[in-house]
Amino acid sequence: SRLENSVRMEQYRVDDAEGSLTREVVAHLTVTMEGTLLVYSENESNSTVWPAGIPPDGVPVVRITTKATSLSILYYILAVMGILFALTCLGFNIVFKGRKVIRLTSPNLNYLIITGTILLFISVVFLVLPSTDQQVVTIYCNVDFWLFSVGNTLCFSVVLAKMWRVYYIFTNPSPKAKPTPP
């Protein structure tokens, strides 16, 4: 077994003469049983290797990109139209809940589908909200992810449950038996 491990630390730097990136060895990190030793190369120090004076925390630097304003406005308009349509469907379900056609479509399950679609449309809004603050963008991304995931799950799980129910009704030999999930 090896008692000593050495890692050569390299950094990409811009060559002043040509303007191209070159890899330069800036230090050697040696790990032994007694401890860790960092030895900088010649003409290198904390301030030249780490411009901020401290090593990075390992989190990559992310460039924040934004969408074009016209595209964002289009997304907002389409999302609002989708939400309005979903609310119209919700109102239709509530007003005509007693009719046989609506009762056959399971209004309670329709409410879940409509809730899921509204969450999906709201996730579109969070997708294009502009911000240049890294923490705000992180919050927007997390909210967008969760809204999309929950909305997608609500919509499609209920649709699949309805499809299974229709399949069971048409393939069940005794129509009086109550369907149970597999």
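Note that the numbering runs from 1 along the sequence shown for the chain.
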**Prompt:** Is it true that V166 and I102 fall in one hydrophobic cluster, defined by side-chain heavy atoms closer than 4.5 Å?
**Reply:** no
Quiz: residues 113-127 side-chain donor-acceptor pairs under 3.5 angstrom, not counting sequence neighbours:
{"residue": "T115", "atom": "OG1", "partner": "Y111", "partner atom": "O", "Å": "2.8"}
{"residue": "T117", "atom": "OG1", "partner": "I113", "partner atom": "O", "Å": "3.4"}
{"residue": "T117", "atom": "OG1", "partner": "I114", "partner atom": "O", "Å": "2.7"}
{"residue": "S123", "atom": "OG", "partner": "L120", "partner atom": "O", "Å": "2.6"}

**Item:** Contacts of I77 that satisfy side chain to side chain contact (heavy atoms under 4.5 Å, CB included) - sequence neighbours left out
**Value:** I73, M81
**Request:** State the CH2-CD1 distance between W164 and I169, to the nearest 0.5 angstrom.
**Result:** 9.0 Å
**Side-chain heavy atoms of K97 within contact of N108, under 4.5 Å** = yes
**Asked** Between V80 and L87, is there a shared hydrophobic cluster once you connect ILVMFWY residues whose side-chain heavy atoms come closer than 4.5 Å?
**Response** no
**Fill in**
Those residues at least two apart in sequence (or on a different chain) that pass salt bridge (charged side-chain N to carboxylate O under 4.0 Å, His left out) with E24 are R13
**Prompt:** Between S41 and A27, what is the shortest heavy-atom contact and its length?
**Reply:** OG-N, 3.6 Å
What side-chain donor-acceptor pairs closer than 3.5 Å can you find for residues 140-156, not counting sequence neighbours?
{"residue": "N142", "atom": "ND2", "partner": "T138", "partner atom": "O", "Å": "3.2"}
{"residue": "S149", "atom": "OG", "partner": "F145", "partner atom": "O", "Å": "2.9"}
{"residue": "T153", "atom": "OG1", "partner": "S149", "partner atom": "O", "Å": "2.7"}

**Message:** Please enumerate all residues that pass side chain to side chain donor-acceptor pair (under 3.5 Å) together with S72, with sequence neighbours excluded.
**Reply:** none
**Request:** Flag yes if L104 and F96 sit in one hydrophobic cluster, no otherwise; membership is Ile, Leu, Val, Met, Phe, Trp, Tyr, and two members link when side-chain heavy atoms are under 4.5 Å apart.
**Result:** no
**Fill in**
The reported gap from CZ in F92 to CG in N110 (rounded to nearest 0.5 angstrom) is 10.5 Å
**Asked** Looking at OH of Y76 and CG of L71, how far apart are the two atoms once the value is rounded to the nearest 0.5 Å?
**Response** 10.5 Å
**Message:** Tell me every residue that passes side chain to side chain contact (heavy atoms under 4.5 Å, CB included) with S106, counting only those two or more places apart in sequence or in another chain.
**Reply:** L109, K162, R165
